[in-house]
Number of protein chains: 2
Amino acid sequence: MSSITKSKSVTAEEITAQLSDAVHEHRLKPGAKLREDEVSDVFGVSRTVVRQALRAMAFEGLLAIEKNRGAFVAKPTLKEAHEVFQARALLEPSTARAAAERTTPEDIALLERHISEEHDALDKGKPGLALKLSGDFHLEIARIADQQTIEQFLKQLVSRSSLVIALYWKRRNALCESNAHHALVDALRNHNGSSAEDLMKGHLLDIYSQLDLRESDEGSTSLKEALRR
Amino acid sequence: MSSITKSKSVTAEEITAQLSDAVHEHRLKPGAKLREDEVSDVFGVSRTVVRQALRAMAFEGLLAIEKNRGAFVAKPTLKEAHEVFQARALLEPSTARAAAERTTPEDIALLERHISEEHDALDKGKPGLALKLSGDFHLEIARIADQQTIEQFLKQLVSRSSLVIALYWKRRNALCESNAHHALVDALRNHNGSSAEDLMKGHLLDIYSQLDLRESDEGSTSLKEALRR
DNA sequence: TCCTGTATTATTGTATACAATTATTGCCTA
DNA sequence: TAGGCAATAATTGTATACAATAATACAGGA
(Lines give C-alpha, C1' and ligand atoms only; values in the text may rest on other atoms or scores of the structure.)
Protein backbone atom coordinates (compact mmCIF):
# COMPACT_ATOMS: atom_id res chain seq x y z
CA MET A 1 0.00 0.00 0.00
CA SER A 2 2.90 2.32 -0.62
CA SER A 3 1.71 4.63 -3.38
CA ILE A 4 -1.58 5.39 -1.73
CA THR A 5 -2.14 9.07 -1.20
CA LYS A 6 -4.48 10.54 1.31
CA SER A 7 -6.27 13.83 0.86
CA LYS A 8 -8.91 15.71 2.73
CA SER A 9 -12.11 13.93 1.81
CA VAL A 10 -11.78 10.63 0.04
CA THR A 11 -14.81 8.98 -1.54
CA ALA A 12 -15.58 5.29 -1.44
CA GLU A 13 -15.01 5.14 -5.20
CA GLU A 14 -11.48 6.48 -4.83
CA ILE A 15 -10.70 3.94 -2.16
CA THR A 16 -12.12 1.19 -4.37
CA ALA A 17 -10.01 2.37 -7.28
CA GLN A 18 -6.76 2.57 -5.32
CA LEU A 19 -7.24 -0.76 -3.60
CA SER A 20 -8.29 -2.37 -6.88
CA ASP A 21 -5.14 -1.09 -8.55
CA ALA A 22 -3.11 -2.52 -5.70
CA VAL A 23 -4.74 -5.92 -6.22
CA HIS A 24 -4.34 -5.77 -9.99
CA GLU A 25 -0.68 -4.93 -9.66
CA HIS A 26 -0.23 -7.72 -7.13
CA ARG A 27 0.92 -5.37 -4.39
CA LEU A 28 -1.96 -6.85 -2.44
CA LYS A 29 -1.74 -10.61 -2.89
CA PRO A 30 -4.51 -13.20 -2.80
CA GLY A 31 -5.34 -14.03 0.80
CA ALA A 32 -4.20 -10.69 2.20
CA LYS A 33 -6.56 -9.30 4.80
CA LEU A 34 -7.87 -5.75 4.70
CA ARG A 35 -8.84 -4.62 8.16
CA GLU A 36 -11.42 -1.90 8.22
CA ASP A 37 -9.86 0.48 10.70
CA GLU A 38 -6.46 0.02 9.10
CA VAL A 39 -7.84 1.08 5.74
CA SER A 40 -9.83 3.89 7.33
CA ASP A 41 -6.66 5.18 9.01
CA VAL A 42 -4.76 5.12 5.73
CA PHE A 43 -7.42 7.05 3.86
CA GLY A 44 -8.52 9.25 6.73
CA VAL A 45 -12.20 8.38 6.63
CA SER A 46 -14.53 6.44 8.86
CA ARG A 47 -15.13 2.74 8.63
CA THR A 48 -18.54 3.45 7.13
CA VAL A 49 -17.14 4.55 3.81
CA VAL A 50 -14.37 1.94 3.91
CA ARG A 51 -17.02 -0.75 4.19
CA GLN A 52 -18.74 0.64 1.13
CA ALA A 53 -15.50 0.33 -0.80
CA LEU A 54 -14.77 -3.19 0.44
CA ARG A 55 -18.26 -4.38 -0.42
CA ALA A 56 -18.00 -2.90 -3.88
CA MET A 57 -14.78 -4.81 -4.42
CA ALA A 58 -16.42 -7.98 -3.16
CA PHE A 59 -19.13 -7.58 -5.79
CA GLU A 60 -16.46 -7.43 -8.46
CA GLY A 61 -14.93 -10.61 -7.14
CA LEU A 62 -11.74 -8.92 -5.97
CA LEU A 63 -12.41 -9.54 -2.32
CA ALA A 64 -14.14 -12.25 -0.35
CA ILE A 65 -15.94 -10.96 2.71
CA GLU A 66 -16.42 -13.54 5.42
CA LYS A 67 -18.99 -12.71 8.05
CA ASN A 68 -17.47 -11.56 11.33
CA ARG A 69 -14.00 -12.31 9.97
CA GLY A 70 -13.24 -9.59 7.49
CA ALA A 71 -12.32 -8.90 3.88
CA PHE A 72 -9.60 -10.85 2.11
CA VAL A 73 -8.17 -10.54 -1.36
CA ALA A 74 -9.92 -13.31 -3.25
CA LYS A 75 -8.22 -16.60 -4.06
CA PRO A 76 -10.02 -18.02 -7.11
CA THR A 77 -10.19 -21.78 -7.13
CA LEU A 78 -9.15 -23.81 -10.14
CA LYS A 79 -12.78 -24.12 -11.13
CA GLU A 80 -13.31 -20.38 -10.94
CA ALA A 81 -10.16 -19.87 -12.98
CA HIS A 82 -11.53 -22.08 -15.73
CA GLU A 83 -14.90 -20.38 -15.57
CA VAL A 84 -13.38 -16.93 -15.89
CA PHE A 85 -11.64 -17.81 -19.11
CA GLN A 86 -14.63 -19.69 -20.46
CA ALA A 87 -16.75 -16.60 -19.90
CA ARG A 88 -14.16 -14.38 -21.51
CA ALA A 89 -14.05 -16.73 -24.49
CA LEU A 90 -17.79 -16.26 -24.90
CA LEU A 91 -17.80 -12.49 -24.57
CA GLU A 92 -14.59 -11.06 -25.94
CA PRO A 93 -14.22 -12.40 -29.49
CA SER A 94 -17.60 -11.16 -30.68
CA THR A 95 -17.03 -7.92 -28.82
CA ALA A 96 -13.76 -7.45 -30.70
CA ARG A 97 -15.64 -8.09 -33.94
CA ALA A 98 -18.19 -5.43 -33.03
CA ALA A 99 -15.44 -3.03 -32.03
CA ALA A 100 -13.77 -3.36 -35.42
CA GLU A 101 -16.77 -1.79 -37.10
CA ARG A 102 -16.63 1.27 -34.91
CA THR A 103 -12.93 1.88 -34.27
CA THR A 104 -11.87 5.47 -34.89
CA PRO A 105 -8.34 6.84 -35.43
CA GLU A 106 -8.52 8.26 -31.90
CA ASP A 107 -9.23 4.78 -30.57
CA ILE A 108 -6.21 3.43 -32.43
CA ALA A 109 -4.01 6.16 -30.97
CA LEU A 110 -5.28 5.39 -27.51
CA LEU A 111 -4.68 1.66 -27.88
CA GLU A 112 -1.18 2.19 -29.19
CA ARG A 113 -0.37 4.52 -26.35
CA HIS A 114 -1.64 1.80 -24.07
CA ILE A 115 0.68 -0.78 -25.58
CA SER A 116 3.71 1.46 -25.30
CA GLU A 117 2.93 2.24 -21.66
CA GLU A 118 2.74 -1.49 -21.14
CA HIS A 119 6.20 -1.91 -22.65
CA ASP A 120 7.55 0.91 -20.54
CA ALA A 121 6.23 -0.70 -17.41
CA LEU A 122 7.89 -4.00 -18.33
CA ASP A 123 11.19 -2.25 -19.11
CA LYS A 124 11.11 -0.44 -15.79
CA GLY A 125 10.62 -3.68 -13.95
CA LYS A 126 7.00 -3.13 -13.02
CA PRO A 127 5.33 -6.32 -14.21
CA GLY A 128 2.31 -5.66 -12.02
CA LEU A 129 1.61 -2.37 -13.70
CA ALA A 130 2.11 -3.98 -17.10
CA LEU A 131 -0.43 -6.63 -16.21
CA LYS A 132 -2.94 -4.03 -15.13
CA LEU A 133 -2.45 -2.06 -18.36
CA SER A 134 -2.84 -5.25 -20.33
CA GLY A 135 -6.19 -5.83 -18.68
CA ASP A 136 -7.27 -2.27 -19.40
CA PHE A 137 -6.49 -2.90 -23.06
CA HIS A 138 -9.19 -5.54 -23.18
CA LEU A 139 -11.66 -3.26 -21.46
CA GLU A 140 -10.87 -0.54 -23.97
CA ILE A 141 -12.00 -2.81 -26.78
CA ALA A 142 -15.38 -3.33 -25.11
CA ARG A 143 -15.64 0.43 -24.74
CA ILE A 144 -14.93 0.89 -28.45
CA ALA A 145 -17.63 -1.67 -29.21
CA ASP A 146 -19.95 0.60 -27.21
CA GLN A 147 -21.19 -2.32 -25.13
CA GLN A 148 -21.44 -1.04 -21.60
CA THR A 149 -23.12 -4.10 -20.19
CA ILE A 150 -20.48 -6.44 -21.56
CA GLU A 151 -17.78 -3.96 -20.55
CA GLN A 152 -19.05 -4.12 -16.99
CA PHE A 153 -18.93 -7.92 -16.95
CA LEU A 154 -15.54 -7.88 -18.59
CA LYS A 155 -14.26 -5.57 -15.89
CA GLN A 156 -15.10 -8.22 -13.34
CA LEU A 157 -13.59 -10.96 -15.47
CA VAL A 158 -10.36 -9.04 -16.04
CA SER A 159 -10.12 -8.38 -12.32
CA ARG A 160 -10.51 -12.04 -11.55
CA SER A 161 -8.07 -12.91 -14.32
CA SER A 162 -5.50 -10.82 -12.52
CA LEU A 163 -5.99 -12.91 -9.41
CA VAL A 164 -5.90 -16.11 -11.44
CA ILE A 165 -2.62 -15.03 -12.99
CA ALA A 166 -1.22 -14.17 -9.57
CA LEU A 167 -2.02 -17.68 -8.41
CA TYR A 168 -1.52 -19.90 -11.44
CA TRP A 169 0.93 -18.22 -13.80
CA LYS A 170 3.53 -20.76 -14.96
CA ARG A 171 6.74 -18.82 -15.34
CA ARG A 172 7.29 -15.48 -13.75
CA ASN A 173 9.18 -13.68 -16.50
CA ALA A 174 7.23 -14.45 -19.62
CA LEU A 175 7.61 -11.75 -22.25
CA CYS A 176 4.12 -12.67 -23.34
CA GLU A 177 1.49 -10.99 -25.22
CA SER A 178 2.43 -7.64 -26.68
CA ASN A 179 2.44 -9.10 -30.20
CA ALA A 180 -1.13 -10.24 -29.85
CA HIS A 181 -2.21 -6.77 -28.82
CA HIS A 182 -0.40 -5.23 -31.77
CA ALA A 183 -2.08 -7.61 -34.17
CA LEU A 184 -5.46 -6.81 -32.64
CA VAL A 185 -4.89 -3.10 -33.12
CA ASP A 186 -4.06 -3.74 -36.78
CA ALA A 187 -7.27 -5.67 -37.30
CA LEU A 188 -9.28 -2.94 -35.61
CA ARG A 189 -7.61 -0.24 -37.69
CA ASN A 190 -8.54 -2.09 -40.87
CA HIS A 191 -12.09 -2.66 -39.63
CA ASN A 192 -11.48 -6.34 -40.13
CA GLY A 193 -14.04 -7.81 -37.76
CA SER A 194 -13.53 -11.49 -38.38
CA SER A 195 -9.79 -11.10 -38.04
CA ALA A 196 -10.22 -9.25 -34.76
CA GLU A 197 -12.54 -11.98 -33.55
CA ASP A 198 -10.10 -14.74 -34.45
CA LEU A 199 -7.14 -12.90 -32.97
CA MET A 200 -8.99 -12.34 -29.73
CA LYS A 201 -10.01 -15.98 -29.55
CA GLY A 202 -6.42 -17.07 -30.08
CA HIS A 203 -5.08 -14.50 -27.66
CA LEU A 204 -7.34 -15.72 -24.87
CA LEU A 205 -6.43 -19.32 -25.58
CA ASP A 206 -2.79 -18.29 -25.45
CA ILE A 207 -3.11 -16.75 -22.01
CA TYR A 208 -5.19 -19.70 -20.85
CA SER A 209 -2.52 -22.15 -21.99
CA GLN A 210 0.14 -20.30 -20.03
CA LEU A 211 -1.67 -20.98 -16.81
CA ASP A 212 -0.98 -24.00 -14.69
CA LEU A 213 -4.53 -25.13 -14.07
CA ARG A 214 -3.97 -28.75 -13.22
CA GLU A 215 -5.51 -30.27 -10.15
CA SER A 216 -3.53 -29.53 -7.05
CA ASP A 217 -4.13 -28.96 -3.37
CA GLU A 218 -5.88 -25.70 -4.12
CA GLY A 219 -2.87 -23.49 -3.63
CA SER A 220 -1.38 -22.69 -0.28
CA THR A 221 -4.42 -23.07 1.93
CA SER A 222 -3.13 -23.65 5.40
CA LEU A 223 -4.33 -26.51 7.53
CA LYS A 224 -5.92 -24.11 9.94
CA GLU A 225 -7.89 -22.43 7.19
CA ALA A 226 -8.89 -25.77 5.74
CA LEU A 227 -10.28 -26.94 9.03
CA ARG A 228 -12.18 -23.75 9.64
CA ARG A 229 -14.91 -24.57 7.13
CA MET B 1 -44.66 -3.99 -0.74
CA SER B 2 -47.65 -5.87 0.57
CA SER B 3 -46.40 -9.40 1.07
CA ILE B 4 -43.26 -8.38 2.90
CA THR B 5 -42.98 -9.99 6.30
CA LYS B 6 -40.96 -8.66 9.17
CA SER B 7 -39.28 -10.82 11.77
CA LYS B 8 -36.93 -10.27 14.64
CA SER B 9 -33.55 -9.87 13.01
CA VAL B 10 -33.53 -9.50 9.27
CA THR B 11 -30.29 -9.70 7.34
CA ALA B 12 -29.34 -7.49 4.43
CA GLU B 13 -29.53 -10.52 2.15
CA GLU B 14 -33.15 -11.16 3.10
CA ILE B 15 -34.06 -7.56 2.44
CA THR B 16 -32.28 -7.75 -0.91
CA ALA B 17 -34.16 -10.92 -1.77
CA GLN B 18 -37.58 -9.59 -0.83
CA LEU B 19 -37.10 -6.26 -2.55
CA SER B 20 -35.66 -8.00 -5.60
CA ASP B 21 -38.69 -10.25 -5.79
CA ALA B 22 -40.92 -7.20 -5.58
CA VAL B 23 -39.07 -5.64 -8.49
CA HIS B 24 -39.11 -8.86 -10.51
CA GLU B 25 -42.83 -9.24 -10.00
CA HIS B 26 -43.38 -5.61 -10.91
CA ARG B 27 -44.90 -4.74 -7.56
CA LEU B 28 -42.16 -2.14 -7.42
CA LYS B 29 -42.15 -0.41 -10.77
CA PRO B 30 -39.27 1.28 -12.59
CA GLY B 31 -38.76 4.76 -11.21
CA ALA B 32 -40.19 3.98 -7.77
CA LYS B 33 -38.19 5.46 -4.94
CA LEU B 34 -37.04 3.43 -1.95
CA ARG B 35 -36.48 5.67 1.03
CA GLU B 36 -34.04 4.30 3.55
CA ASP B 37 -35.96 4.91 6.75
CA GLU B 38 -39.15 3.69 5.14
CA VAL B 39 -37.52 0.38 4.27
CA SER B 40 -35.85 0.21 7.66
CA ASP B 41 -39.23 0.71 9.34
CA VAL B 42 -40.78 -2.06 7.27
CA PHE B 43 -38.05 -4.55 8.09
CA GLY B 44 -37.35 -3.38 11.60
CA VAL B 45 -33.64 -2.77 11.19
CA SER B 46 -31.45 0.27 11.08
CA ARG B 47 -30.64 2.23 7.94
CA THR B 48 -27.14 0.77 8.01
CA VAL B 49 -28.27 -2.66 6.92
CA VAL B 50 -30.88 -1.26 4.55
CA ARG B 51 -28.16 0.67 2.76
CA GLN B 52 -26.21 -2.57 2.34
CA ALA B 53 -29.23 -4.14 0.70
CA LEU B 54 -29.90 -1.17 -1.57
CA ARG B 55 -26.29 -1.01 -2.70
CA ALA B 56 -26.27 -4.72 -3.43
CA MET B 57 -29.33 -4.25 -5.62
CA ALA B 58 -27.66 -1.32 -7.35
CA PHE B 59 -24.74 -3.57 -8.23
CA GLU B 60 -27.14 -6.00 -9.86
CA GLY B 61 -28.63 -3.21 -11.91
CA LEU B 62 -31.98 -3.37 -10.16
CA LEU B 63 -31.66 0.04 -8.56
CA ALA B 64 -30.00 3.27 -9.53
CA ILE B 65 -28.58 5.17 -6.57
CA GLU B 66 -28.27 8.89 -7.13
CA LYS B 67 -25.99 10.71 -4.75
CA ASN B 68 -27.85 12.64 -2.08
CA ARG B 69 -31.14 11.79 -3.79
CA GLY B 70 -31.79 8.17 -3.02
CA ALA B 71 -32.38 4.76 -4.57
CA PHE B 72 -34.82 4.27 -7.43
CA VAL B 73 -35.91 1.15 -9.27
CA ALA B 74 -33.84 1.27 -12.43
CA LYS B 75 -35.28 2.34 -15.76
CA PRO B 76 -33.13 0.73 -18.45
CA THR B 77 -32.75 2.83 -21.55
CA LEU B 78 -33.40 1.42 -25.01
CA LYS B 79 -29.67 0.98 -25.46
CA GLU B 80 -29.37 -0.95 -22.23
CA ALA B 81 -32.33 -3.09 -23.25
CA HIS B 82 -30.58 -4.03 -26.47
CA GLU B 83 -27.34 -4.68 -24.67
CA VAL B 84 -28.99 -6.97 -22.15
CA PHE B 85 -30.36 -9.23 -24.82
CA GLN B 86 -27.17 -9.15 -26.85
CA ALA B 87 -25.27 -10.30 -23.79
CA ARG B 88 -27.81 -13.01 -23.10
CA ALA B 89 -27.51 -14.16 -26.71
CA LEU B 90 -23.78 -14.57 -26.17
CA LEU B 91 -23.99 -16.41 -22.88
CA GLU B 92 -27.12 -18.52 -22.78
CA PRO B 93 -27.09 -20.72 -25.88
CA SER B 94 -23.68 -22.21 -25.20
CA THR B 95 -24.59 -22.53 -21.54
CA ALA B 96 -27.67 -24.52 -22.52
CA ARG B 97 -25.47 -26.73 -24.65
CA ALA B 98 -23.17 -27.34 -21.72
CA ALA B 99 -26.11 -28.01 -19.45
CA ALA B 100 -27.45 -30.71 -21.77
CA GLU B 101 -24.37 -32.82 -21.13
CA ARG B 102 -24.87 -32.72 -17.38
CA THR B 103 -28.64 -32.74 -16.88
CA THR B 104 -29.82 -35.32 -14.34
CA PRO B 105 -33.34 -36.72 -13.84
CA GLU B 106 -33.55 -34.59 -10.70
CA ASP B 107 -32.81 -31.50 -12.78
CA ILE B 108 -35.59 -32.45 -15.19
CA ALA B 109 -38.04 -32.87 -12.35
CA LEU B 110 -37.07 -29.51 -10.95
CA LEU B 111 -37.44 -27.77 -14.28
CA GLU B 112 -40.83 -29.34 -14.93
CA ARG B 113 -42.01 -28.33 -11.49
CA HIS B 114 -40.82 -24.85 -12.36
CA ILE B 115 -42.86 -24.78 -15.53
CA SER B 116 -46.01 -25.97 -13.82
CA GLU B 117 -45.63 -23.35 -11.10
CA GLU B 118 -45.29 -20.82 -13.86
CA HIS B 119 -48.57 -22.02 -15.38
CA ASP B 120 -50.27 -21.91 -12.00
CA ALA B 121 -49.16 -18.36 -11.47
CA LEU B 122 -50.56 -17.36 -14.86
CA ASP B 123 -53.83 -19.15 -14.17
CA LYS B 124 -54.18 -17.42 -10.83
CA GLY B 125 -53.71 -14.05 -12.45
CA LYS B 126 -50.23 -13.42 -11.11
CA PRO B 127 -48.30 -12.52 -14.25
CA GLY B 128 -45.54 -10.91 -12.20
CA LEU B 129 -44.85 -14.13 -10.36
CA ALA B 130 -44.94 -16.04 -13.61
CA LEU B 131 -42.38 -13.69 -15.06
CA LYS B 132 -40.10 -14.14 -12.08
CA LEU B 133 -40.37 -17.93 -12.31
CA SER B 134 -39.65 -17.75 -15.99
CA GLY B 135 -36.43 -15.87 -15.22
CA ASP B 136 -35.48 -18.42 -12.59
CA PHE B 137 -35.89 -21.13 -15.21
CA HIS B 138 -33.05 -19.60 -17.20
CA LEU B 139 -30.86 -19.34 -14.11
CA GLU B 140 -31.56 -22.97 -13.35
CA ILE B 141 -30.04 -23.98 -16.67
CA ALA B 142 -26.83 -22.12 -15.85
CA ARG B 143 -26.77 -23.92 -12.53
CA ILE B 144 -27.16 -27.27 -14.28
CA ALA B 145 -24.29 -26.33 -16.55
CA ASP B 146 -22.28 -25.83 -13.33
CA GLN B 147 -21.09 -22.42 -14.46
CA GLN B 148 -21.23 -20.19 -11.42
CA THR B 149 -19.56 -17.22 -13.01
CA ILE B 150 -21.93 -17.18 -15.95
CA GLU B 151 -24.83 -17.87 -13.61
CA GLN B 152 -23.92 -14.79 -11.65
CA PHE B 153 -23.84 -12.63 -14.76
CA LEU B 154 -27.06 -14.18 -15.96
CA LYS B 155 -28.70 -13.33 -12.68
CA GLN B 156 -27.98 -9.69 -13.36
CA LEU B 157 -29.13 -9.98 -16.95
CA VAL B 158 -32.38 -11.69 -16.00
CA SER B 159 -33.01 -9.00 -13.41
CA ARG B 160 -32.52 -6.28 -15.96
CA SER B 161 -34.64 -8.20 -18.45
CA SER B 162 -37.47 -8.01 -15.97
CA LEU B 163 -37.16 -4.24 -15.91
CA VAL B 164 -36.91 -4.14 -19.70
CA ILE B 165 -40.07 -6.19 -19.97
CA ALA B 166 -41.83 -3.92 -17.51
CA LEU B 167 -40.96 -0.94 -19.68
CA TYR B 168 -41.04 -2.23 -23.23
CA TRP B 169 -43.37 -5.25 -23.41
CA LYS B 170 -45.67 -4.91 -26.40
CA ARG B 171 -48.94 -6.51 -25.36
CA ARG B 172 -49.86 -7.11 -21.80
CA ASN B 173 -51.55 -10.48 -21.99
CA ALA B 174 -49.29 -12.53 -24.19
CA LEU B 175 -49.54 -16.23 -23.42
CA CYS B 176 -45.92 -16.40 -24.46
CA GLU B 177 -43.22 -18.78 -23.87
CA SER B 178 -44.15 -21.92 -22.02
CA ASN B 179 -43.76 -24.02 -25.17
CA ALA B 180 -40.19 -22.89 -25.57
CA HIS B 181 -39.38 -23.94 -22.03
CA HIS B 182 -40.98 -27.35 -22.57
CA ALA B 183 -38.96 -27.88 -25.71
CA LEU B 184 -35.80 -26.92 -23.87
CA VAL B 185 -36.50 -29.42 -21.13
CA ASP B 186 -36.94 -32.13 -23.77
CA ALA B 187 -33.60 -31.29 -25.34
CA LEU B 188 -31.90 -31.34 -21.95
CA ARG B 189 -33.50 -34.67 -21.04
CA ASN B 190 -32.16 -36.19 -24.25
CA HIS B 191 -28.74 -34.68 -23.66
CA ASN B 192 -29.10 -33.03 -27.04
CA GLY B 193 -26.72 -30.11 -26.70
CA SER B 194 -26.98 -28.58 -30.13
CA SER B 195 -30.75 -28.72 -29.98
CA ALA B 196 -30.72 -27.03 -26.59
CA GLU B 197 -28.39 -24.38 -27.94
CA ASP B 198 -30.60 -23.70 -30.95
CA LEU B 199 -33.77 -23.65 -28.90
CA MET B 200 -32.28 -21.19 -26.45
CA LYS B 201 -31.09 -18.98 -29.26
CA GLY B 202 -34.55 -18.98 -30.80
CA HIS B 203 -36.24 -18.48 -27.46
CA LEU B 204 -34.19 -15.37 -26.70
CA LEU B 205 -34.86 -13.99 -30.16
CA ASP B 206 -38.54 -14.64 -29.59
CA ILE B 207 -38.62 -12.65 -26.36
CA TYR B 208 -36.52 -9.94 -27.96
CA SER B 209 -38.92 -9.63 -30.88
CA GLN B 210 -41.86 -9.21 -28.52
CA LEU B 211 -40.33 -6.06 -27.10
CA ASP B 212 -41.09 -2.64 -28.48
CA LEU B 213 -37.56 -1.31 -28.70
CA ARG B 214 -38.04 1.44 -31.25
CA GLU B 215 -36.78 4.92 -30.58
CA SER B 216 -39.16 6.86 -28.40
CA ASP B 217 -39.14 9.52 -25.71
CA GLU B 218 -37.59 7.09 -23.26
CA GLY B 219 -40.83 5.88 -21.73
CA SER B 220 -43.00 7.74 -19.28
CA THR B 221 -40.48 10.09 -17.77
CA SER B 222 -42.40 12.86 -16.10
CA LEU B 223 -41.81 16.44 -17.11
CA LYS B 224 -40.33 17.30 -13.75
CA GLU B 225 -37.87 14.45 -13.91
CA ALA B 226 -37.01 15.24 -17.50
CA LEU B 227 -36.11 18.80 -16.60
CA ARG B 228 -33.95 17.78 -13.70
CA ARG B 229 -31.16 16.46 -15.87
C1' DT C 1 4.50 -31.22 26.72
C1' DC C 2 0.04 -31.10 24.97
C1' DC C 3 -4.60 -30.46 25.25
C1' DT C 4 -8.63 -27.89 26.92
C1' DG C 5 -11.32 -24.49 28.78
C1' DT C 6 -11.51 -19.65 30.04
C1' DA C 7 -10.43 -14.81 30.14
C1' DT C 8 -8.88 -11.18 27.37
C1' DT C 9 -8.24 -8.72 23.31
C1' DA C 10 -9.12 -7.53 18.63
C1' DT C 11 -12.29 -7.00 14.91
C1' DT C 12 -16.49 -6.82 12.63
C1' DG C 13 -21.80 -5.89 12.82
C1' DT C 14 -25.45 -2.69 13.97
C1' DA C 15 -27.67 1.33 15.69
C1' DT C 16 -27.73 6.03 16.34
C1' DA C 17 -26.37 10.90 16.35
C1' DC C 18 -25.02 14.54 13.68
C1' DA C 19 -23.60 16.96 9.23
C1' DA C 20 -24.47 17.96 4.46
C1' DT C 21 -27.52 18.09 0.81
C1' DT C 22 -31.75 18.33 -1.46
C1' DA C 23 -36.77 19.03 -1.61
C1' DT C 24 -40.65 21.69 -0.13
C1' DT C 25 -43.29 25.37 1.51
C1' DG C 26 -44.59 30.01 2.08
C1' DC C 27 -43.84 34.74 1.35
C1' DC C 28 -42.72 38.73 -1.03
C1' DT C 29 -42.43 41.34 -5.16
C1' DA C 30 -43.08 42.55 -9.89
C1' DT D 1 -50.80 35.28 -10.82
C1' DA D 2 -46.00 33.86 -11.74
C1' DG D 3 -41.43 33.88 -10.46
C1' DG D 4 -37.84 33.97 -7.33
C1' DC D 5 -35.96 33.98 -2.70
C1' DA D 6 -35.70 32.40 2.01
C1' DA D 7 -36.86 29.48 5.66
C1' DT D 8 -38.15 24.98 6.88
C1' DA D 9 -38.52 20.18 6.46
C1' DA D 10 -37.17 15.82 4.70
C1' DT D 11 -33.59 12.76 3.24
C1' DT D 12 -29.17 11.00 2.48
C1' DG D 13 -23.98 10.91 3.88
C1' DT D 14 -20.62 10.22 7.50
C1' DA D 15 -18.75 9.45 11.96
C1' DT D 16 -18.96 7.28 16.20
C1' DA D 17 -20.57 4.44 20.09
C1' DC D 18 -21.86 0.12 21.48
C1' DA D 19 -22.96 -4.94 20.80
C1' DA D 20 -21.78 -9.40 18.95
C1' DT D 21 -18.51 -12.38 17.32
C1' DA D 22 -14.12 -14.35 16.49
C1' DA D 23 -9.06 -14.60 17.49
C1' DT D 24 -5.61 -14.77 20.92
C1' DA D 25 -3.26 -15.52 25.25
C1' DC D 26 -3.04 -17.81 29.31
C1' DA D 27 -3.59 -20.98 33.05
C1' DG D 28 -4.51 -25.61 34.78
C1' DG D 29 -4.57 -30.53 34.51
C1' DA D 30 -3.54 -34.97 32.42
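Lettering follows sequence order; numbering is per chain, from 1.
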Specify the separation, in whole Å, of atom [atom1] of [X] and atom [atom2] of [N].
| X | N | atom1 | atom2 | answer |
| --- | --- | --- | --- | --- |
| A/Leu34 | C/dA10 | CG | C1' | 17 Å |
| B/Glu36 | C/dT21 | CD | P | 16 Å |
| A/Phe43 | D/dA15 | CZ | C1' | 18 Å |
| A/Asp37 | D/dT16 | CG | P | 13 Å |
| A/Glu38 | C/dA10 | CD | P | 14 Å |
| A/Arg51 | C/dA15 | CZ | P | 12 Å |
| A/Ile65 | D/dA22 | CD1 | P | 16 Å |
| A/Arg69 | D/dA23 | CZ | C1' | 9 Å |

Given D/dT12, D/dA15, C/dT12, which nucleotide is nearest the side-chain atoms of A/Val49?
->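 The listed nucleotide nearest to A/Val49's side chain is D/dA15.
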Name the residue closer to the 5' end of DNA chain D, choosing between B/Thr48 and A/Lys67 according to the nucleotide with the nearest heavy atom.
->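 Looking at DNA chain D, the more 5' nearest nucleotide goes with B/Thr48.
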Within less than 4.0 Å of OP1 or OP2 of C/dT14, is there a side-chain N or O belonging to B/Gln52?
->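 Result: yes.
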Do the side-chain N or O atoms of A/Ser46 get closer than 4.0 angstrom to the phosphate oxygens (OP1, OP2) of D/dA15?
->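 For A/Ser46, the contact criterion (side-chain N or O under 4.0 Å from OP1 or OP2 of D/dA15) is met.
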In Å and rounded to the nearest 0.5 Å, what is the [atom1] to [atom2] distance from [X] to [Y]?
| X | Y | atom1 | atom2 | result |
| --- | --- | --- | --- | --- |
| B/Asp136 | B/Glu118 | CG | CD | 9.5 Å |
| B/Arg35 | B/Phe72 | CZ | CZ | 11.0 Å |
| A/Gln148 | A/Gln152 | CD | CD | 9.0 Å |

Under 3.5 Å donor-acceptor pair, A/Arg47 side-chain atoms to C/dG13 base atoms |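 Check passes, donor-acceptor contact within cut-off.
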Which class fits the ring pair A/His181 and A/Phe137: parallel under 30°, tilted 30 to 60°, perpendicular over 60°?
->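 Correct class here is parallel.
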